[in-house]
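Taking it in order: structure first as structure tokens, then the write-up.
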Amino acid sequence: MDDVDDVDDTTTTLRFATAGSVDDGKSTLVGRLLHDSKSVLADQLEAVEAASARRGRDAPDLALLTDGLRAEREQGITIDVAYRYFATARRRFILADTPGHVQYTRNMVTGASTADLAVVLVDARNGVIEQTRRHAAVAALLRVPHVVLAVNKMDLVDYRESVFAEIAEEFTAYACALGIPEITAIPVSALAGDNVVEPSAHMDWYGGPTVLEHLETVPVGDALTAPARFPVQYVIRPQTSEHRDYRGYAGQIASGVLRVGEAVTVFPSGRTSVIEAIDALRPGLGPLTAVDTAWAPQSVTLRLRDEVDVSRGDLIAPAAAAPATTQDVTATVCHVADRPLKPGQRVLLKHTTRTVKAIVREIPSRLALDDLSQHPDPGKLSANDIGRVVLRTGEPLALDAYADSRATGSFLLIDPSDGTTLTAGMAGEAFTETERTV
Amino acid sequence: MESEAVHIFREVAGEFEKPVILFSGGKDSIVMLHLALKAFAPAPVPFALLHVDTGHNFPEVLAYRDRAVARHGLRLHVASVQEYIDAGILQERPDGTRNPLQTLPLTEAIQRLGFDAVFGGGRRDEEKARAKERVFSLRDEFSQWDPRRQGPELWQLYNGRHAPGEHVRVFPLSNWTELDVWQYIAREGIELPEIYFAHEREVFWRGGMWLTAGEWGGPKDTEPVERRLIRYRTVGDMSCTGAVDSDSADLDAVIAEIAVSRLTERGATRADDKLSEAAMEDRKREGYF
């Protein structure tokens, strides 16, 4: 592939999320990662030192680096997702630092929705606890491709291999049952700096990578093998003397590869045409450059051979690998709003660039994250609940299963009265394997 | 990163009635404008620009702004802090800084002109309160930001719905760092105002940084003026934007300088963020960008 859009080279950026219970040392791990990879600048460290001294602490509290809001610093807890940025010579990182409290499940869902990898922390003294199982379940539900189990506070269990091995084995068995494809367990001490950035001198028995090494080398970006999906965002029609007949469909390729000359179908109308040209983003502001091929996640503009009716909200897909359309949607959802979701409720459903009316037909079950059991007919879903939902939409949707595509299998439910985001949805069956095995 | 920012611009064009780009003439807003030009090519950018003019701008930056507007056939709205002071609505602060005074002219211009989406160049790496802000950030009818009432932002499904009178602040550069911005400027060959590059200038020392002398109240008798080789890392109101000692005269030199810098751009050059631990959060709650 040529060098179109080299700033977008996804193999050089890793998006990851952290999850841990309240006292597992997550903030210390994040602080250690930022500090030891030299991503904390002098004035930030000075501000943290000054604030720590004002609070009467002996040592700089690295959690103050990530707790950005007044209320968080006052309470000493993290109440919202914060995004951190750092880079090494090998890769740049976008870290969604998510709070661990059970009542903030929606925040972990937010962080995990765009993550290539999740770091789940456990305290070596406590091992796998309920909260660990919840974090693993959310990572599995959101289809995060890679999970790292960081067994923290190894210094407090004398760096014993048996402690680590037992926890790693229990977690791996559980995570495999959930369908998580790749799990890496690493023994660390965030406080002492063992195996976070620098290899530990205390655990000769461990031959694997440090947390940072693993983050630098884990492969990302498997969206190219999926069938191509192109949600139309905006129709570009300059209608100037220079570009009188230009009519381009602008959007970001959600998955797969698009080629000039390929036969495509436009959804939901079902009309067909052929890709005439692809205009890609090229360095500089010169005239548009046509390319033969484009792939996810590039933002491009397509032109079609025939004058078919295409507008925002339509989806263009190869005729040979087209999605099914449906008005009956079954999904697993995480309810994110404070007001509950109930059967019979009228909502808006936002899927890719398309927003349609929908009604909640049924809420067949609510998932207990503790033991992954399904509770039938809960009557409603409250904030942070995860459950199954059956919806009927006012117009057909070209919806993939979330298992096949995170981009075209996900949707939001929105309150039509004031625009509040109510629910995060993942279309299709989920946890079916789990329901059998647990 | 470029594709993600372009995606955000196109989402706003598709979902909102009357968006506007906040344009200060600084590097982040210049990069935003460049991305908007690419997102809609070969059609023109379907948004106007809004400049909050503090009355204490660098002349080079105003000249750059006017050239950009003319070259790309854009429409420019100006919200003037000086007019608010002249009318007696706002009062000059004793320290002479006008940065906090921008909030009222900005929010009133948004209401008066009926903008429903306002693009800002804010990046989450700039400041710890900004690290908490969404790409689409809902503001109430008073333009206030409530960090505890932010909806979660999931996948790339940005929810732009809002009630009448409310608007959405949109930050397409949320996931960029200062170094990303500079590397992109170099790759794209984007022109910047000259004050970003090393030049000799009359400056004086106040509050731990070099400030340019001007009509806004500096220097005092006790603050001697020196001629130094400096450049600016950020561009804002002259009264609170500091320069750094630098001999970086071109893009390659600036990128090398940023890559090894041990100070954040705001820590090095913004007086207003040093006022308190939550200065940015407090201003954002009031409606600041």
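Every chain is numbered from 1 and lettered A, B, ... according to where its sequence line falls, protein lines coming before strand lines. Just so it is clear, the structure is predicted and the values come from calculations on it, not from any experiment.
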Most heavy-atom pairs under 4.5 Å with chain B, out of A:Ala407, A:Gly313, A:Ala250, belong to A:Ala250
Gap separating the CG atom of A:Leu412 from the CZ atom of B:Arg161, nearest 0.5 angstrom: 11.0 Å
Side-chain heavy-atom pair A:Thr110, B:Trp155 within 4.5 angstrom cut-off: no
Looking at B:Arg75, I'd like to know if its CZ atom is crowded, meaning that more than 12 non-hydrogen atoms belonging to other residues, nucleotides or ligands lie closer than 6.0 Å. no
B:Ala39 versus chain A, heavy atoms under 4.5 Å apart: side chain, backbone, both or neither? backbone
NZ/NE/NH1/NH2 to OD/OE distance under 4.0 Å, A:Arg92 and B:Asp180: yes
I'd like to know which of B:Pro42, B:Ala43, B:Pro152 tops the heavy-atom pair count under 4.5 Å against chain A. B:Pro42
Using a cut-off of under 4.5 Å for heavy-atom pairs, which of A:Gly419, A:Gly284, A:Ala337, A:Ala424 has the most such pairs with chain B? A:Gly284
With chain A as the partner, which of B:Gly189, B:Ala163, B:Ala13 has the greatest number of non-hydrogen pairs under 4.5 Å? B:Ala13
State, with a plain yes or no, whether a side-chain heavy atom of B:Arg10 is found less than 4.5 Å away from one of A:Ser299. yes
Do A:Ser113 side-chain atoms and B:Leu154 backbone N/O form a donor-acceptor pair below 3.5 Å? no
How would you list, by chain and number, every residue that makes a ring pair (Phe, Tyr, Trp, His ring centres under 6.0 Å) with A:Phe93, sequence neighbours excluded? A:Phe86
With a 4.5 angstrom heavy-atom cut-off, which part of A:Tyr246 approaches chain B: side chain, backbone, both or neither? side chain
Partner of B:Asn159 by side-chain contact (heavy atoms from CB on, under 4.5 Å), out of A:Thr420, A:Thr355, A:Thr421, A:Leu348: A:Thr421
Check this for me: does any side-chain nitrogen of one of B:Glu11 and A:Arg312 sit under 4.0 Å from a carboxylate oxygen of the other? yes
Taking side chain as everything from C-beta outward and backbone as N, CA, C, O, which of these in B:Pro164 sits under 4.5 Å from a heavy atom of chain A? Side chain, backbone, both or neither. neither
Quick one: list whatever passes salt bridge (charged side-chain N to carboxylate O under 4.0 Å, His left out) with B:Asp116, sequence neighbours left out. none
Ion pair present between B:Glu15 and A:Lys350, side-chain N to carboxylate O less than 4.0 angstrom? yes
How far does OG1 of A:Thr12 sit from CE of B:Met1, to the nearest 0.5 angstrom? 8.5 Å
Going by side chain to side chain donor-acceptor pair (under 3.5 Å), name the residues that satisfy it together with B:Glu153, two or more places apart in sequence or in a different chain. none
Is the NZ atom of A:Lys357 crowded by more than 12 outside heavy atoms at less than 6.0 Å? no
First locate atom CG of A:Leu281, then atom NZ of B:Lys38, and finally report the distance between them rounded to the nearest 0.5 Å. 5.5 Å
Between CD of B:Gln156 and CD of A:Gln252, what distance do you get to the nearest 0.5 Å? 4.5 Å
Could you walk me through whether B:Asn175 and A:Tyr85 pass the side chain to side chain donor-acceptor pair (under 3.5 Å) check? CA-CA 8 Å; B:Asn175 288 327; A:Tyr85 304 82; 2.5 Å; yes
Do you know which of A:Ile414, A:Val336, A:Asp418 has the most heavy-atom pairs under 4.5 Å to chain B? A:Ile414
Between A:Asp279, A:Asp338, A:Val300, who has the most heavy-atom pairs with chain B when the cutoff is under 4.5 Å? A:Val300
If the contact rule is any heavy atom under 4.5 Å from chain B, which residues of residues 229-237 of chain A qualify, in numerical order? A:Gln233, A:Tyr234, A:Ile236
